[in-house]
Each structure stands twice: as C-alpha cells, then as structure tokens.
Engineer: 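Handing you this structure, nothing more for now.
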2 protein chains.
Amino acid sequence: MGQPNDGLKDITIIDIAQEAGVSYSMVSRVVNNKEHVKPEKRERVLQAMARLGYVANQQARSLAGGRSNVIGLLVRDLTTGYTGEIIRGIDLELTAQQYDLMLYTTHNRKTREMVHVTSIVRGLADGLLIILPTQPESYINTLRQRNYPFVLIDYQGQDTEDLTVVSANQQGAYQAMQYLIEAGHRRIGFITGTLETSAGTERLAGYKVALANYGLPIDPTLIQGGDFLQPSGYQGAQKLLDLEVPPSVIFASNDVQAFGVMEAVRDRGLRIPQDMSIVGFDDIPQATQVHPPLTTIQQPLEDMGRVATRLLIQRLQDPHVSLASVVLSTKLVIRQSSGLFI
Amino acid sequence: MGQPNDGLKDITIIDIAQEAGVSYSMVSRVVNNKEHVKPEKRERVLQAMARLGYVANQQARSLAGGRSNVIGLLVRDLTTGYTGEIIRGIDLELTAQQYDLMLYTTHNRKTREMVHVTSIVRGLADGLLIILPTQPESYINTLRQRNYPFVLIDYQGQDTEDLTVVSANQQGAYQAMQYLIEAGHRRIGFITGTLETSAGTERLAGYKVALANYGLPIDPTLIQGGDFLQPSGYQGAQKLLDLEVPPSVIFASNDVQAFGVMEAVRDRGLRIPQDMSIVGFDDIPQATQVHPPLTTIQQPLEDMGRVATRLLIQRLQDPHVSLASVVLSTKLVIRQSSGLFI
DNA sequence: TATACTTTTGCAAACGCTTGCAAAAAAATG
DNA sequence: CATTTTTTTGCAAGCGTTTGCAAAAGTATA
C-alpha cells in the first residue's frame with residue numbers, strides 16, 4: 001500500500017486475537033474457515049472481527065502462501081465491445097465468488113504479453129483468464145511449466161490439457177452460410193479475422209466447408225484477409241466491391257469488422273440489404289444499434305466469461321479436480337442487414 | 001500466489017545477491033534506484049538480474065512498505081463504451097509508467113462500493129481512480145480520512161481539496177444548444193442523465209442556460225428524466241413524441257441514450273434528421289457507426305483517463321506536490337443526425 | 001482413576017522485500 | 001600519514017499472514 005495513511009492504524013489479526021482473547025493463529029484459522037476451532041471461540045473471534053472491522057491484508061496473505069483471491073485477466077484491448085461482454089460475465093461470476101480482478105492489457109505486443117505473464121505468475125493473482133490470445137504459445141508454456149492455473153477463452157489451442165472455453169466457431173459460420181446459400185446467394189464474399197487465432201481460422205473453415213458441402217466453388221478472390229478490426233472490414237469490402245462480379249453478400253469475421261463493411265457499402269451509395277447483404281459474427285450489443293440492424297451469429301460472450309471463470313475457480317479450489325473444456329453453441333440471428341438474393 | 005508452481009523456484013533478491021556477490025539490501029537498492037550504490041556494483045547487480053531473469057514479488061514489496069505499483073480503478077460497469085474509452089486512456093498511461101491495474105466494479109450497489117474501498121485501502125493498490133460515482137460521499141470520506149491518494153473522473157464534487165478530472169459539461173451542452181437554436185430549432189426536447197451525477201446536472205444546466213440566454217421559454221414538458229442508459233432514451237423519446245406539439249430535436253444526455261432515442265424515432269416511422277434531429281453527448285466510437293451518424297459533443301474521454309492517471313501517479317511519486325484539478329474542454333461534432341429546422 | 005487417544009490451541013518459522021542504523025571503505029582534509 | 005568526513009555496504013528487524021509441530025486440554029477406554 002502507498003505510504004499515506006497517517007492516522008488510523010490498520011487492524012491486524014493480532015488486534016483481533018487480543019480482543020477475542022485467543023492466539024493470532026486461531027484468528028487466522030477462523031478467517032480461513034479451517035477446522036479444529038471450538039465453536040465458541042470461533043464465535044468470539046467473529047464478533048471481535050465485526051467489532052473492530054477487520055479486513056485481511058492480501059499481500060501478507062499471499063506472501064505467506066495463502067491465496068490472494070485475485071484472478072488476472074489478460075486481454076488484448078478493451079475497446080471492441082466483444083471484450084466488454086466477456087468481461088461482464090467474468091465480473092459477474094467473480095463478484096459472486098468474492099474474487100478481485102487484475103487487468104492486464106497487451107495491446108497485441110508480444111513482449112508485453114510475456115512480461116505480464118511472468119509478473120502475474122510471480123504476482124498476486126491466483127489464476128489467469130486469457131481472452132483470445134494471438135500467439136499464446138510462448139507464454140502458455142511458461143504457465144504450463146509452472147503448473148499455473150489458467151483458462152483460455154475463445155482460443156482453441158492444440159494442447160488438450162489446457163482448459164478452454166470456446167464457442168462453436170466453425171459451426172456458427174456454417175450456419176450463417178447455410179442460411180445465405182438457401183436464401184439464394186451464390187457469390188459470398190468473406191473477410192477473415194486474424195488467422196493466428198483459432199476463432200479466425202475456424203470461421204473461415206466454416207465458410208469453406210459450407211461452400212463445399214453445397215457444391216459451390218471456393219473463389220479465392222472472394223476471400224479477403226483481415227484482422228477482426230473495423231478498418232479491415234472497410235478495406236476488405238472495398239476490394240470485394242471492386243471485383244468485376246462483386247458478391248451479393250459479405251460475411252465478415254466479426255461484428256466490428258461488419259461495421260466497417262457497412263461503411264464501405266454505404267460509401268458506394270449501395271443499399272443494405274437490397275444491393276448488398278451483410279452478416280457479422282459475435283452479436284455484440286451494437287449489432288442491434290446500427291442501421292439496419294446486423295444479421296449475425298450470436299456468441300454467448302457473457303456466458304463464455306462466466307463459464308471460464310467458474311472453471312478457473314473450481315480448479316483453484318481443488319487443483320486435482322478433473323475439468324473439461326467447454327464448447328458453447330452459437331445461434332444465427334437474422335436481422336435486416338441481409339436478405340434474399342433474387 | 002496460488003499453491004501450484006511445483007518445479008521452478010522463484011528467483012529472489014537473495015539469489016541475485018549471491019550471483020552478484022553483494023548483500024541483498026544492495027540488490028533492493030538497485031532495484032529501487034536508490035542512491036548510495038557504487039556504479040560498478042549497480043552494474044553487476046543489473047547483469048545478475050538479467051541473467052537470472054529476476055521479477056520482483058509485489059506482495060513482499062508492498063508488505064515491506066514499498067509500493068505495489070498497482071493502481072485501483074473503481075467503476076460502475078464496463079459495458080457502455082464510455083467507460084471503455086476512459087479506461088483505454090488510463091491503460092495507456094499506466095502501461096507507460098509501469099503500473100498495473102486492479103479493476104473493481106460496483107454495479108451501482110452502494111454496499112459493494114464501500115466494501116471495495118476498504119479493501120483497496122488496505123489492499124494492494126497505491127492509489128485509486130474513480131469513474132463517475134453516483135454518490136461517492138460515503139466512501140470518499142474514508143479515503144480522505146486515511147489520506148489515501150485518489151482522483152475522481154467525471155465527477156465534480158464540492159470539496160475542492162479532491163483531485164478531479166472533468167470535462168466542461170455545461171459548456172458542452174451550451175454549445176450544442178447554441179448550434180441547434182441558430183439552426184432554427186425552437187422546441188428542443190431534453191432527456192436528462194442521472195441527476196445525482198454532476199455530469200447529469202451540468203448538462204441540464206447548459207440546456208437551461210442556453211434557452212434563457214436566447215430568450216426561449218423553459219418548457220418542463222420538454223424535459224424528460226433519464227439515467228444515461230439506452231432504455232431511458234427510448235422512453236423519454238416516446239414521451240416527447242406523444243406531446244401535442246413534439247419538439248423538432250431531441251437532445252440526449254449522452255450517446256447511449258441518444259441511440260435509444262433513435263430507436264424510438266425510427267419505430268414511429270420518422271426520418272432522422274428530416275422529421276427529428278437528434279444530438280448526443282460523449283462522442284463514443286459507436287456514434288460514427290450508427291446511421292445516420294450522430295451529432296454529439298465530443299468529450300475527450302481517453303484524455304480524461306490519461307490526465308487522471310497522470311495526476312494520480314504524480315501524487316504518488318510526491319505526496320506533497322501541489323496539483324490542480326483539470327477541466328478538459330468539449331467540442332461540438334456535427335454529423336448527419338441533426339439538421340436545420342425549416 | 002490411570003492411560004491412551006483425539007481435538008484444540010499456541011508458538012515460531014517462513015514468505016520476499018524495504019529501510020534505519022551502524023560498520024566498513026573510500027575520499028578529503030590538515 | 002593520521003584524522004575527519006563522506007560514501008558505500010551489510011545486518012537485522014519488521015511488514016501481516018499461514019501453517020507444521022508440539023503442547024495443552026478434553027474425551028473415551030480399560
């Protein structure tokens with residue numbers, strides 16, 4: 001803690017011990033709900049705590065080998081809404097379980113990720129949640145080696161030992177494609193996400209598999225590279241619109257990217273969905289707020305956060321309990337940004 | 001830290017001391033950049049640290065009276081975009097200064113705020129940033145008493161001792177009104193924010209003062225109560241549209257609320273801005289993404305975060321330095337959601 | 001009632017660091 | 001070169017906990 005705090009002295013377990021007339025280790029046992037405490041003394045301690053307003057000192061606690069009741073969250077950035085939704089779920093669950101949250105942003109810089117991870121591992125978090133890491137391998141190895149508890153959100157690594165919470169990305173993309181193809185679309189443009197993420201590759205896979213299954217050709221010119229951010233949607237759409245035969249629909253790898261697509265389409269004076277259908281992925285809150293509202297694949301983002309947090313806490317409470325990774329299913333949400341191809 | 005970490009032992013200052021052939025207090029001095037260290041030894045220690053990959057243990061550090069290099073952020077929730085922008089600024093500055101961020105969400109529950117504050121004060125944060133608290137007085141007193149360093153963001157308390165960073169809310173609302181009135185609007189609807197916040201009351205004040213200055217009447221039926229959230233925009237707009245003589249423009253207390261207004265207006269089949277102009281406040285990223293793009297007052301949200309963080313860190317580094325609260329100016333951004341009244 | 005368990009309690013060490021103070025070394029002074 | 005002054009160094013105590021271990025108290029058994 002900082003140096004201020006002139007005045008009021010902190011209440012420690014020693015004060016409580018004195019007040020309750022027991023030894024300080026008894027107080028510690030009560031605080032941590034350990035066994036071997038006479039109910040009567042437990043009561044006395046509890047009362048003393050209430051009377052003096054005791055609040056445990058987390059650093060001392062974790063220094064001494066206990067838990068800090070803090071979990072770390074490693075995240076790329078906070079501004080896309082996508083992250084916000086997941087964090088909302090994490091926060092909900094964390095609050096319910098009396099944990100605090102330490103937030104680390106990487107800004108997509110590899111070195112920062114590494115630095116963060118070492119300091120987290122040495123630091124005050126009991127465990128770590130990681131959202132959509134781009135190249136996690138480097139630091140995930142550190143975590144594994146040290147046997148440090150972590151859960152990956154929205155990333156399907158290859159190591160099945162890791163706990164992960166993902167949504168059915170490929171299946172979701174497939175659903176969207178199914179809908180579009182059955183609505184008569186034949187030339188479907190696709191803008192990829194970051195292909196270093198599994199979310200990125202799986203959505204692309206869903207796109208391709210659907211085309212294959214319906215006997216449609218995979219036209220590489222219809223697939224534009226992107227990175228899940230709005231500008232990549234704008235640029236990708238530009239390129240697709242410049243094709244000799246532009247597609248009748250653009251399927252973006254996420255909603256934010258789809259907003260970029262909308263912008264580009266409107267900049268050309270085209271109408272949505274009459275001239276161009278647009279489909280996104282994620283169903284972030286803004287998807288309903290844009291005009292026209294965006295057809296998209298709903299990912300249960302908040303649930304992902306909740307589930308991941310619950311997994312992590314379970315692991316913390318019993319490191320040997322066997323837990324399985326979770327795949328949450330997605331849902332097609334049809335709004336006004338897409339229509340039939342006539 | 002959690003109990004795992006079988007295997008690799010942590011590197012402590014003692015290891016470094018051994019490696020560098022000095023005492024461990026020397027290592028501590030080097031790490032903390034204290035004076036009275038021979039350059040040559042400093043070098044030796046630095047090299048040993050690099051070689052062994054030393055990372056300080058924050059809990060031990062702060063337990064021993066040093067700083068934790070963590071700052072706390074107390075925030076209502078994360079989902080409105082508004083908060084996200086501010087946090088982005090905070091994060092930028094924090095990263096630059098090598099601080100970590102502990103995030104506390106209150107969900108607007110008073111008791112939680114109080115609990116958090118006591119645990120923060122006893123806890124691991126060196127200082128605290130507080131965004132837009134509804135009724136901060138209760139816990140702010142605790143902070144003041146303990147002389148705990150904090151900065152209020154977007155809240156203008158009455159106690160001038162407190163460090164605050166706000167934007168010129170009243171002036172901003174006035175700017176918007178000026179623009180609207182000069183564009184020919186005479187009946188201007190207003191939906192308030194949470195009036196327990198200074199942002200809420202000041203924007204309302206700007207609305208009223210502008211009307212007064214231009215000699216226009218203040219019609220209470222044109223002012224609807226709200227709370228900065230989207231539904232309140234929707235409902236407020238409904239009521240304004242139900243008036244015998246509806247306004248020609250609705251001025252919402254923030255962008256999110258304005259999105260609700262847009263929804264309501266569109267639901268009635270009215271066109272924006274031909275039938276109804278809409279103006280928001282904040283200029284969050286989505287303001288450009290909605291259709292039509294929203295005319296709004298730009299608050300330098302990211303800057304607010306940055307500036308507040310900088311203030312806090314300065315205070316931490318020198319508790320006696322005299323710092324002044326900051327008022328950042330706002331800017332009218334005219335987009336397509338508003339037009340002339342003909 | 002003596003003996004052997006079992007539960008409850010308290011002591012002390014440890015966690016990794018900061019820092020005041022005194023000792024040692026180096027530099028400056030006469 | 002001896003002495004004083006200044007800089008550099010190391011020791012030890014302390015921060016507030018947790019926890020293994022041994023002592024104390026309580027309970028059951030013979």
Side-chain angles (χ1 to χ4, degrees), chain A residues 1-5 8-45 49 52-70 118-119 121-124 126, chain B residues 1-5 8-45 49 52-70 118-119 121-124 126:
Chain A
M1 189 171 62
Q3 81 293 12
N5 180 27
L8 319 234
K9 224 182 113 283
D10 281 331
I11 306 272
T12 73
I13 48 172
I14 297 190
D15 299 316
I16 302 295
Q18 224 152 39
E19 176 84 6
V22 298
S23 76
Y24 59 85
S25 30
M26 280 291 96
V27 178
S28 172
R29 284 184 188 110
V30 171
V31 170
N32 294 289
N33 249 303
K34 301 252 167 173
E35 48 198 353
H36 299 312
V37 179
K38 239 182 176 166
E40 174 233 331
K41 302 226 167 181
R42 179 184 301 277
E43 198 46 44
R44 281 230 305 275
V45 170
M49 278 171 35
L52 271 54
Y54 171 76
V55 182
N57 178 320
Q58 291 299 353
Q59 24 257 326
R61 197 175 247 196
S62 46
L63 221 209
R67 7 207 43 144
S68 64
N69 269 23
V70 170
T118 46
S119 98
V121 169
R122 281 229 54 193
L124 50 142
D126 291 336
Chain B
M1 187 172 65
Q3 82 294 13
N5 180 25
L8 318 233
K9 226 183 111 286
D10 280 332
I11 306 273
T12 73
I13 48 171
I14 297 190
D15 299 316
I16 302 295
Q18 224 153 39
E19 175 84 8
V22 298
S23 76
Y24 58 85
S25 30
M26 278 292 96
V27 177
S28 172
R29 284 183 187 113
V30 171
V31 171
N32 294 290
N33 248 306
K34 302 251 168 174
E35 48 198 350
H36 297 313
V37 178
K38 235 180 176 169
E40 173 232 332
K41 302 227 166 180
R42 179 184 301 278
E43 198 44 46
R44 281 231 302 276
V45 170
M49 280 173 31
L52 271 53
Y54 171 76
V55 182
N57 178 320
Q58 291 300 352
Q59 24 257 328
R61 197 176 247 195
S62 47
L63 222 208
R67 5 209 44 146
S68 64
N69 268 24
V70 169
T118 45
S119 100
V121 169
R122 278 227 59 194
L124 48 141
D126 291 336

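Here the structure is a predicted model, which means the values were calculated and not measured. Residue numbers begin at 1 in each chain, while the letters A, B, ... track the order of the sequences.
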Engineer: Closest nucleotide of DNA chain C for V55(B) versus for H36(A): which of these residues is on the 5' side?
Structural biologist: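 Result of the comparison: H36(A).
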Engineer: How would you give the extent of chain B contacts on DNA chain C, as first and last nucleotide 5' to 3' within a 4.0 Å heavy-atom cut-off?
Structural biologist: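 Range of nucleotides touched by chain B: dG16(C) to dA26(C).
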Engineer: Rounded off to whole Å, could you give me the CD-to-C1' distance for the E40(B) and dT8(D) pair?
Structural biologist: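 E40(B) atom CD is separated from dT8(D) atom C1' by 12 Å.
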Engineer: Expressed in angstrom and rounded to an integer, what is the separation of K41(A) atom NZ from dA25(D) atom C1'?
Structural biologist: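 Computing the K41(A):NZ to dA25(D):C1' distance gives 10 Å.
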Engineer: Looking at DNA chain D, which of residues 17-30 of chain B put a heavy atom within less than 4.0 Å of it?
Structural biologist: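 Within residues 17-30 of chain B, the residues near DNA chain D are V22(B), S23(B), Y24(B), S25(B), M26(B), R29(B).
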Engineer: What is the distance from atom CZ of R42(A) to atom NE2 of H36(A), rounded to the nearest 0.5 Å?
Structural biologist: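 Result: 11.5 Å between the selected atoms.
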Engineer: Who are the side-chain hydrogen bond (donor to acceptor under 3.5 Å, both in side chains) partners of R29(B), not counting sequence neighbours?
Structural biologist: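 Listed in chain order: nothing, the list is empty.
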Engineer: Could you tell me whether a side-chain N or O of D126(A) sits under 3.5 Å from a main-chain N or O of R67(A), the two making a donor and an acceptor?
Structural biologist: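 No, D126(A) side chain to R67(A) backbone: no donor-acceptor pair under 3.5 Å.
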Engineer: CG/N57(A) to CD1/I13(A) distance, rounded to the nearest 0.5 angstrom?
Structural biologist: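 Going from the CG atom of N57(A) to the CD1 atom of I13(A) covers 10.0 Å.
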Engineer: Can you name the residues that form a side-chain hydrogen bond (donor to acceptor under 3.5 Å, both in side chains) with Q58(B), not counting sequence neighbours?
Structural biologist: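 Testing Q58(B) for side-chain hydrogen bond (donor to acceptor under 3.5 Å, both in side chains), a comparison that skips the adjacent residues, returns none.
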Engineer: With sequence neighbours excluded, tell me which residues meet side chain to side chain contact (heavy atoms under 4.5 Å, CB included) with A64(A).
Structural biologist: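 Expected list: none.
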Engineer: Using the salt bridge (charged side-chain N to carboxylate O under 4.0 Å, His left out) rule, collect all pairs that involve residues 12-23 of chain B, keeping only residues at least two apart or in two chains.
Structural biologist: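 Sorted result for residues 12-23 of chain B: E19(B)-R51(B).
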Engineer: In whole angstrom, what separates E35(B)'s CD from dT8(D)'s P?
Structural biologist: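 My rounded result for the distance is 9 Å.
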Engineer: Would you say the side-chain atoms of N32(A) pair up with the backbone N or O of K34(A), donor to acceptor, closer than 3.5 Å?
Structural biologist: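 No, the answer is negative, given that no donor and acceptor are paired below the 3.5 Å cut-off.
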Engineer: Return the value, rounded to whole Å, for the distance between atom CG of L63(B) and atom C1' of dG16(D).
Structural biologist: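 Roughly 6 Å, once rounded to whole Å.
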Engineer: Run E43(A) and E40(A) through side chain to side chain contact (heavy atoms under 4.5 Å, CB included) and show every step you take.
Structural biologist: CA-CA 5 Å; E43(A) 198 46 44; E40(A) 174 233 331; 5.7 Å; no
Engineer: For I16(A), which residues count as a side chain to side chain contact (heavy atoms under 4.5 Å, CB included) partner, sequence neighbours excluded?
Structural biologist: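 I16(A): side chain to side chain contact (heavy atoms under 4.5 Å, CB included) contacts with I11(A), V27(A), V45(A), A48(A), M49(A), L52(A), Y54(A).
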Engineer: Mind checking what makes side chain to side chain contact (heavy atoms under 4.5 Å, CB included) contact with Q18(B), not counting sequence neighbours?
Structural biologist: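 Residues passing side chain to side chain contact (heavy atoms under 4.5 Å, CB included) with Q18(B): none at all.
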Engineer: For nucleotides 26-28 of chain D, list the nitrogen or oxygen atoms of the protein found under 3.5 Å from its nitrogen or oxygen atoms, one pair per line.
Structural biologist:
none

Engineer: What residues form a side-chain hydrogen bond (donor to acceptor under 3.5 Å, both in side chains) with E35(B), not counting sequence neighbours?
Structural biologist: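 Per chain and number, E35(B) pairs via side-chain hydrogen bond (donor to acceptor under 3.5 Å, both in side chains) with no residue.
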Engineer: For the helix from dT1(C)-dA30(D) to dG30(C)-dC1(D), what angle separates the axis at the start from the axis at the finish, each from five pairs, in steps of 10°?
Structural biologist: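 The helix from dT1(C)-dA30(D) to dG30(C)-dC1(D) shows an end-to-end axis angle of 40°.
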Engineer: Go through the structure and list residues passing side-chain hydrogen bond (donor to acceptor under 3.5 Å, both in side chains) with R61(A), not counting sequence neighbours.
Structural biologist: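 R61(A): no side-chain hydrogen bond (donor to acceptor under 3.5 Å, both in side chains) contacts found.
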Engineer: Hey, does V37(B) reach any base, or is it just sugar-phosphate, or nothing, if we go heavy atoms under 4.0 Å?
Structural biologist: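 It contacts sugar-phosphate atoms only.
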Engineer: Do any side-chain nitrogens or oxygens of R61(A) fall under 4.0 Å of OP1 or OP2 in dT18(D)?
Structural biologist: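 Yes, because at least one side-chain N or O of R61(A) sits under 4.0 Å from OP1 or OP2 of dT18(D).
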